[in-house]
Amino acid sequence: ENEEEMKEAISNVKTGQVTFAIKDTNIDGVEVRKDEYIALHGKSIVCCNPSKVEATKIMLDGMIDEMSSIVTLLVGEGASEDEVEEITSHINSKFEDVEVEVVQGNQPVYSFIIGVE
């Protein structure tokens, strides 16, 4: 019974990542430009943006819905405190009922890894 409940809980978690592009390309209709930031929701590229914060906000706006209650933000080694504050402020102002948890992951390559439950 616990295993089934855990599987159901996991199936309700949405995941996203923000990283930088290493080359110009077009993937699934999204124009990706070298050295800009790409936001991925699941296995799909959501956007490419010169700002990692803006890319993250765009992705979060598509991930968070009326069923969401918690956003976990794992902060990578290249993200600043100011960027984290801007993202958490965006979530708090736009999605008042959603709790934000920030974890210093210090992961390379990915500025942010995000889970939405």
Side-chain angles (χ1 to χ4, degrees):
E1 187 177 312
N2 284 343
E3 181 181 353
E4 289 304 314
E5 287 180 19
M6 290 174 67
K7 285 180 180 177
E8 182 179 336
I10 289 171
S11 71
N12 293 324
V13 176
K14 300 172 194 169
T15 58
Q17 302 87 29
V18 176
T19 189
F20 57 91
I22 59 171
K23 65 178 183 174
D24 290 347
T25 188
N26 185 307
I27 300 173
D28 297 329
V30 177
E31 230 14 82
V32 176
R33 290 166 299 283
K34 183 180 187 294
D35 297 327
E36 290 193 1
Y37 292 90
I38 54 175
L40 302 109
H41 176 198
K43 295 182 181 184
S44 300
I45 295 178
V46 175
C47 71
C48 181
N49 194 290
S51 164
K52 75 176 92 166
V53 171
E54 290 306 313
T56 304
K57 289 178 184 179
I58 291 166
M59 180 181 60
L60 283 166
D61 289 350
M63 291 175 66
I64 300 172
D65 60 25
E66 66 279 347
M67 299 300 292
S68 303
S69 59
I70 300 171
V71 173
T72 303
L73 181 68
L74 285 114
V75 181
E77 61 187 19
S80 72
E81 288 182 31
D82 288 342
E83 291 168 329
V84 172
E85 176 60 33
E86 189 174 342
I87 291 166
T88 57
S89 292
H90 173 78
I91 296 167
N92 290 329
S93 66
K94 192 164 184 177
F95 307 99
E96 296 173 2
D97 295 331
V98 175
E99 180 183 334
V100 181
E101 182 176 322
V102 176
V103 178
Q104 288 297 326
N106 295 317
Q107 67 274 2
V109 182
Y110 293 97
S111 301
F112 301 107
I113 298 176
I114 298 166
V116 177
E117 303 174 55

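Hydrogens, waters and symmetry mates are skipped; everything else that's a heavy atom, side chains included, is used.
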How long is the span from the [atom1] atom in [X] to the [atom2] atom in [Y], to the nearest 0.5 Å?
X: Glu99; Y: Glu117; atom1: CD; atom2: CD; value: 9.5 Å
X: Thr88; Y: Glu101; atom1: OG1; atom2: CD; value: 13.0 Å
X: Glu31; Y: Arg33; atom1: CD; atom2: CZ; value: 6.5 Å
X: Cys47; Y: Ile38; atom1: SG; atom2: CD1; value: 9.5 Å
X: Asp24; Y: Asp35; atom1: CG; atom2: CG; value: 8.5 Å

Exercise for the section: Report the C-alpha separation of Val102 and Val75 in whole Å, then their side-chain angles, then the decisive distance to 0.1 Å, and conclude whether the side-chain contact (heavy atoms from CB on, under 4.5 Å) test is met. Expected result: CA-CA 7 Å; Val102 176; Val75 181; 3.7 Å; yes

So if you build clusters from Ile, Leu, Val, Met, Phe, Trp, Tyr with side-chain heavy-atom gaps below 4.5 Å, do [X] and [Y] land together?
X: Tyr110; Y: Val84; answer: no
X: Val18; Y: Ile91; answer: yes
X: Val46; Y: Phe20; answer: yes

Under a 4.5 Å cut-off applied to non-hydrogen side-chain atoms, are [X] and [Y] in contact?
X: Val100; Y: Asn92; answer: yes
X: Tyr37; Y: Ser111; answer: yes
X: Ile113; Y: Gln107; answer: yes
X: Leu73; Y: Ile87; answer: yes

Practice task
Please indicate whether Asp28 has more than 12 foreign heavy atoms, meaning atoms of other residues, nucleotides or ligands, lying under 6.0 Å from its CG.
Solution key: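 No, CG of Asp28 has 12 or fewer neighbouring heavy atoms, counting only those of other groups under 6.0 Å.
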
Handout entry: Other residues, nucleotides, ligands: >12 heavy atoms within 6.0 Å of Asn12 CG
Key = yes

Counting only pairs under 3.5 Å, give me each side-chain donor-acceptor contact of residues 53-72, with atom names and distances, residues two or more places apart or in other chains.
residue	atom	partner	partner atom	Å
Glu54	OE2	Lys57	NZ	3.4
Thr56	OG1	Lys52	O	2.6
Lys57	NZ	Glu86	OE2	3.0
Asp61	OD1	His90	NE2	2.8
Asp61	OD2	Lys94	NZ	3.1
Asp65	OD1	Met67	N	2.9
Asp65	OD1	Ser68	N	3.2
Asp65	OD1	Ser68	OG	3.2
Asp65	OD2	Lys14	NZ	2.8
Ser68	OG	Asp65	N	3.0
Ser68	OG	Asp65	O	3.4

Exercise for the section: Begin from the C-alpha positions of Thr19 and Leu40 and carry the test side-chain contact (heavy atoms from CB on, under 4.5 Å) through to its verdict. Expected result: CA-CA 8 Å; Thr19 189; Leu40 302 109; 4.2 Å; yes

Handout entry: Apart from Val13 itself, residues in the same hydrophobic cluster as defined by side-chain heavy atoms under 4.5 Å
Key =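 Val13 clusters with nothing; isolated.
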
